[in-house]
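Below: the structure, in structure tokens.
In what follows, every chain begins at residue 1, and chains take the letters A, B, ... in the order their sequences are listed.
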2 protein chains.
Amino acid sequence: MSNKQTGSGRFRTEESTAVNRREQILEAAVAVFAEHGYYKATTAQIAEKVGISQPYIFKLFKNKEELFVAALERAFERMIRTFRAVAAPVEQLLSETTRSYEQLTETHPSEILLQVQALGIRDEAILQAMQSGMLAVADEIRSKFAAAGIEHPEVEVSTIMANGMLFSIAMALNMPDLKPRQA
Amino acid sequence: MSNKQTGSGRFRTEESTAVNRREQILEAAVAVFAEHGYYKATTAQIAEKVGISQPYIFKLFKNKEELFVAALERAFERMIRTFRAVAAPVEQLLSETTRSYEQLTETHPSEILLQVQALGIRDEAILQAMQSGMLAVADEIRSKFAAAGIEHPEVEVSTIMANGMLFSIAMALNMPDLKPRQA
DNA sequence: CGAAGAAGTGATTAATCAATAACAATTATT
DNA sequence: AATAATTGTTATTGATTAATCACTTCTTCG
């Protein structure tokens, strides 16, 4: 049906299935929303970045809100995968988690900025996505810490989250000096 | 000129000088911006709350952006006054500062929400107001800590800021469980 | 081939709102 | 009282933009 591949054995990345387009749109959406914010970003800008017409976005996403939520969920998924991939002995688990987060802010800054954006958007669906995203991140870290036998996981998670937030905010506000000192 | 007072000796609070109106508008603006966010909040909503016509706002503020910046500065000023007023022995200075901040989130939640809102607004003037506001807050705390002879003021300030941010965000996202554990 | 379905576009519109312009009422000053 | 200054309003508009509609083009396969 929609699982297409050319006979040559190579993927034709330029081929456009709805699934591919969805991904392309999401990637562009992350960048555009991060740069301009939810309300200032236009669907036309996102479409232009992908190289499609503006109305076509609405064939693949019900509306702007749903597009933003999907982009946000994408960011949270990567973040959770990142934390899940952390492997370190107990005594370095905390510092490695922090390091791993800071690396994510370098490899995918737009996804981090998107999350900072979302903190202030008063929209039911977006608020809910933020709540479950934040909860999932905290849970992921907590369960890792607990499994490693760390004493007070909730306290450590809280510290990580607080410093991570300050780091992200420092980045969003372009205030490097605001970044957390030590840990 | 504009320093008016009735002969009775009582202030006529219902009298409306431009200065009074400015204050009323700012107060309404804080509430409306905090509730709906910068872009969804309308100048008509703010005007209605004050009981004036929508265009009159533009007699006292150049535009919406300037109104938001003024509201934001108001929030930062109160926050700095709050920290300045903290008085406690060295060993309790840190916990008292935190307590004092959390109390502010209860007495003036809208001003805190306004600051969270502002984190994500990509607008030059608002970004600048956020930068100098955050800097002023950090400096205020740092100088107090330094004066009290606290060992590594920058580190402690960083911790306070990080936990304060997490607290505010937990509030904005309506996620009480996200609030910092211990300090 | 030719029909069906998938992928995509141009034109348009219905709302929304910040901001201006032009005017009116109120209050102070000489 | 007349004038000036301040405080305020009504009406309007120009710009923006998410979303819909009505089509078209391309691809696949019986």
Of A:Gly51 and B:Thr43, the one whose closest nucleotide on DNA chain C sits nearer the 5' end is A:Gly51
Check the orientation of A:Tyr101 and A:Phe83. Use parallel for under 30°, tilted for 30 to 60°, and perpendicular for over 60°. parallel
Is there a side-chain contact between B:Tyr56 and the phosphate of D:dG8, meaning an N or O under 4.0 Å from OP1 or OP2? yes
Interatomic distance, A:Tyr39 OH vs C:dA15 C1' [rounded to whole Å]: 16 Å
Separation between CG of A:Leu67 and CD of A:Glu65, rounded to the nearest 0.5 Å: 10.5 Å
Regarding D:dT20, can its base be found pairing with the side chain of A:Lys59 as donor and acceptor, where the two atoms are less than 3.5 Å apart? no
Think B:Ser53 has a side-chain N or O under 4.0 angstrom from the OP1 or OP2 of D:dG8? no
For the residue pair A:Tyr39 and B:Tyr39, categorise the inter-ring angle as parallel (less than 30°), tilted (30 to 60°) or perpendicular (more than 60°). tilted
How close or far is atom C1' of C:dC17 from atom CZ of B:Phe33, stated in whole angstroms? 13 Å
Could you check how far CD of B:Glu66 sits from C1' of C:dA18, rounded to whole Å? 14 Å
Between atom CD in B:Gln54 and atom P in C:dA18, what is the gap in whole Å? 7 Å
Out of C:dT9, D:dA19, C:dA19, whichever nucleotide has its closest atom nearest the side chain of A:Ile52: C:dT9
Rounding to an integer number of Å, can you tell me how far A:Asn63 CG sits from D:dT17 C1'? 14 Å
So what does B:Ala41 hit on the nucleic acid, given a heavy-atom distance under 4.0 Å: a base, only sugar-phosphate, or nothing? sugar-phosphate
In this structure, how many angstroms lie between the P atom of C:dA19 and the CG atom of B:Leu67, rounded? 10 Å
Rounded interatomic separation in angstrom, taking CD1 from A:Ile57 and P from D:dT17: 14 Å
Short side-chain N/O contact to C:dA7 OP1/OP2 from A:Arg21, under 4.0 Å: no
Once you measure the plane-to-plane angle for A:Phe68 and A:Phe33, does it fall in the parallel (<30°), tilted (30-60°) or perpendicular (>60°) bin? perpendicular
For B:Gln54, side-chain hydrogen bond (donor to acceptor under 3.5 Å, both in side chains) partners two or more places apart: B:Thr43
Rounding to a whole Å, what distance do you find between B:Lys40:NZ and C:dC17:P? 8 Å
Which nucleotide wins on minimum distance to the side chain of A:Pro55, given the candidates D:dA11, C:dG10, D:dA18? C:dG10
Of the options C:dT20, C:dC17, D:dT20, whose atoms approach the side-chain atoms of A:Phe58 most closely? D:dT20
